[in-house]
4 protein chains.
Amino acid sequence: MTGTRETILDEALRLFAQKGIRETTVRDIAKAVGITEGAIYRHFDSKDQIVHELFGRYSSMLYETLDRVIKNTASDRERFSKVVRSFLEFAFKNPDAFKFLNIFHYLRGKEVRRFKRIPVLLIRELLSDMRAKGILNQDPDFALAVMIGTLERVFLYKTMGILRGRREEIASLTADNLWRFLVECGKS
Amino acid sequence: MTGTRETILDEALRLFAQKGIRETTVRDIAKAVGITEGAIYRHFDSKDQIVHELFGRYSSMLYETLDRVIKNTASDRERFSKVVRSFLEFAFKNPDAFKFLNIFHYLRGKEVRRFKRIPVLLIRELLSDMRAKGILNQDPDFALAVMIGTLERVFLYKTMGILRGRREEIASLTADNLWRFLVECGKS
Amino acid sequence: MTGTRETILDEALRLFAQKGIRETTVRDIAKAVGITEGAIYRHFDSKDQIVHELFGRYSSMLYETLDRVIKNTASDRERFSKVVRSFLEFAFKNPDAFKFLNIFHYLRGKEVRRFKRIPVLLIRELLSDMRAKGILNQDPDFALAVMIGTLERVFLYKTMGILRGRREEIASLTADNLWRFLVECGKS
Amino acid sequence: MTGTRETILDEALRLFAQKGIRETTVRDIAKAVGITEGAIYRHFDSKDQIVHELFGRYSSMLYETLDRVIKNTASDRERFSKVVRSFLEFAFKNPDAFKFLNIFHYLRGKEVRRFKRIPVLLIRELLSDMRAKGILNQDPDFALAVMIGTLERVFLYKTMGILRGRREEIASLTADNLWRFLVECGKS
DNA sequence: CATGAATGAGTTTTCATTCAT
DNA sequence: AATGAATGAAAACTCATTCAT
């Protein structure tokens, strides 16, 4: 079955998001998949390879999503809004992946350099462009902090049940507010 | 020497923030302190006790700081501003502690319940009060997401060298902007 | 294809000689042959069977070669010389086999008893006969040590590029010298 | 006890010589020492470190012995004789070490480069000097093959009970014969 | 014959914790 | 209080072998 490799990745992702990378053992993954530890190593050279493949895969996936949105949207306002909503949509649809990406960034940030297609860099560019065009009334890096920080926490609080409401509504609300905060509000 | 206990906590904190909790061994801590592993257990029952003591201690420290500010400030605007600036001041002055608190929240969130004096809860109350008073133009939980998310990322980006400028300036800027975003901006 | 079995033996021999027996995995062999691990077991019951078959085969091959030379040569001097040269010729032509035989002798000497036609025993007999005839001026077992030791090292140093010259010349030189050392030199 | 480290080395050496390096497990060593596997790692970083320390240690020991003999002996004949006898004395007194050095050379020859003080190189120099002085009637590298090969096999056959007699007698006999073979015998 | 996936026992290594001194 | 040695359980990883297809 060619699906075993994917199953391993899926289960590993779920466990990593749930318990952390270090606290998930290869045996945990194997048990979740329904195979023995040794079988894992037919598909991956090491636990770390699983981690890196997951990071690369989901990091790229979010990157591509945002990249497509940015390239295919004409209006500035619509582009910004769609980026925010696509970002949250990705997080809501792949909560384990999103949590995992954050954990990886937090604990193994140095290894992130090895990867291309880091979503945050794309958003940084977007904000820099907006600043260059005079749309953005903020230091783009400060705006980046507001934007990414907000997105992360909105996801977290929705996941924890603190924020209520339908996902799309939350996403729209977040998009609208961030636009108002960063663009429409008086100059900094 | 009673100072050894404190040294253990300091070095443990530094290592936890740098490498993660699971990835820091008791031997790492002992080596950093300049004693042997066994000696650690003269001061603590377990590695987990160190972790919990650190979390409790710094969580309380930030909590007390914010609590004092909230209680001792008359004006709403000033209170909000001081909370933001104190929060960032704490993070900038105790970067390892702040990183550690975040790691602990992220990976061992369930254990957080055992602790009282969680800073975020204090801020949540503050925002709820502001909402009740009609000052805040947002769902307080959404505002919490914006605020905490922004603070975390501002700290992170300043630490990483992405955000430049003096700490106090960054803190003031953050405080002013968050106030404008959450309070002055048009109703949501 | 019956050739697969032979290919397995060939590749296994090469790897055993290169890396050692224990350090060569069944997977290594399979990969070298261009089949999968499972297929190996269609041809052999176990890795050990491959090892034993190789040992038996090449041990016999050298044995037969020497035996033929001993039986078909009339003069003592010529017989001795041909034994030495045939021995080295075998080693030079089958360097992997010769290395493998030595490794097996060294690490699994006890298993050698199960095999008949051990080349060294043939040479021991030859030297004993020479001693009985009064040709050999040495304890035959000491002579055996000189002879086998020299042959092994001559092969090794030629393989390593330390000894230079054409193989046949080296073989002749070795044969002549050993004869002079063991036979012509003054009594021990 | 500071002796544990030495005991580990001693037992490891014994087992490596008896069964081979790869076929000796860390558990085997621990059991022989009377401790648990984990305790081994308080004294050594890895099994390989034990292997390398043993090789370096005994390789040096033999090297120093030969070096001292070479430097402190005036007459050529006596020097040569003493080198041979010291070499065999070392092998007879440290049979496990000598077997281990051979195994290591055979299976992990490439790693030998990392070490200085390789005994064979010392003997090679000795023979080169003898050749330069006109004492040696042979290509020094061929003489090296005869000499080292003979010494190795003499040790082996004595160990196996094939060669009989007192060690000193065997050593003297070997020294005398090698001198006669390589020096006194007619030119090659 | 061959594949490719899997097993299961074993190997090396790690690490929080204990304990005699 | 502190050391240094050791434990024991568990982690990551290896590999000869089996088996359904």
Side-chain angles (χ1 to χ4, degrees), chain A residues 1-5 7-8 22-30 33-51, chain B residues 1-5 8 21-30 33-51, chain C residues 1-5 8 21-30 33-51, chain D residues 1-5 7-8 22-30 33-51:
Chain A
M1 220 203 321
T2 179
T4 299
R5 194 170 196 279
T7 310
I8 292 170
R22 201 62 178 253
E23 21 283 288
T24 298
T25 70
V26 174
R27 167 164 299 190
D28 288 337
I29 300 169
V33 174
I35 55 179
T36 56
E37 286 166 84
I40 299 275
Y41 289 90
R42 173 160 296 275
H43 300 280
F44 298 94
D45 288 339
S46 65
K47 181 182 167 183
D48 240 47
Q49 199 196 317
I50 299 178
V51 171
Chain B
M1 221 201 320
T2 180
T4 300
R5 195 170 195 280
I8 292 170
I21 298 168
R22 207 56 185 278
E23 24 282 287
T24 298
T25 69
V26 173
R27 168 171 288 201
D28 288 336
I29 300 169
V33 174
I35 56 179
T36 56
E37 293 158 89
I40 300 271
Y41 288 86
R42 194 67 43 187
H43 300 278
F44 298 94
D45 290 339
S46 67
K47 180 183 170 184
D48 244 44
Q49 198 195 320
I50 298 177
V51 172
Chain C
M1 223 203 320
T2 178
T4 300
R5 196 170 194 279
I8 292 170
I21 298 169
R22 207 55 184 278
E23 23 283 288
T24 297
T25 70
V26 173
R27 169 171 286 200
D28 288 336
I29 300 169
V33 174
I35 56 179
T36 56
E37 294 159 89
I40 299 271
Y41 288 86
R42 194 66 45 184
H43 299 280
F44 298 93
D45 290 339
S46 68
K47 180 182 171 185
D48 244 44
Q49 198 195 320
I50 299 178
V51 172
Chain D
M1 218 202 325
T2 179
T4 299
R5 195 170 194 279
T7 310
I8 292 169
R22 200 63 177 249
E23 22 282 289
T24 298
T25 69
V26 173
R27 167 164 298 190
D28 289 336
I29 300 170
V33 174
I35 54 179
T36 57
E37 289 165 85
I40 299 276
Y41 289 89
R42 173 159 295 274
H43 300 281
F44 298 94
D45 290 339
S46 65
K47 180 183 168 184
D48 240 47
Q49 199 196 319
I50 299 179
V51 171

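We name chains A, B, ... by the order of the sequence lines, and we start the count at 1 in each one. All values reported here derive from a predicted model rather than from experimental measurement.
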Inset, instruction - Any chance you could list the contact pattern along nucleotides 14-21 of chain F? Use B for base contacts, S for sugar-phosphate-only contacts and - for none, protein heavy atoms under 4.0 Å, 5' to 3'. - result: BBSBBB--
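- Interatomic distance, CD1 of C:Ile21 versus CZ of D:Arg22, reported as 12.5 Å (0.5 Å rounding).
- For A:His43 and E:dG4, the shortest distance from a side-chain N or O to OP1 or OP2 is not below 4.0 Å.
- In terms of heavy atoms, C:Arg5 sits closest to C:Phe44 at NH2-CE2, 3.3 Å.
- Both C:Gly34 and A:Ile40 lie near DNA chain E, and the one whose nearest nucleotide falls closer to the 5' end is C:Gly34.
- The CD1 atom of A:Ile40 sits 12.5 Å away from the CG atom of A:Asp45 when rounded to the nearest 0.5 Å.
- Atom CZ in A:Phe44 sits about 12 Å away from atom P in E:dA5, given to the nearest Å.
- Remark: DNA chain F forms stems of 3 or more consecutive Watson-Crick or G-U wobble pairs, all pair distances under 3.5 Å, at E:2-21 with F:2-21.
- Rounding to the nearest 0.5 Å places CZ of A:Arg42 at 11.0 Å from CD1 of A:Ile35.
- Look at CD1 on B:Ile50: it is 11 Å from C1' on E:dA16, rounded to the nearest Å.
- The two residues A:His43 and A:Ile8 have their closest heavy-atom pair at CD2-CD1, 3.8 Å.
- Dashed line: the shortest gap from a side-chain N or O of B:Thr4 to OP1 or OP2 of F:dA1 is not under 4.0 Å.
- When the nucleotides E:dT3, E:dG8, F:dA6 are ranked by their closest atom to the side chain of D:Ile35, F:dA6 comes out on top.
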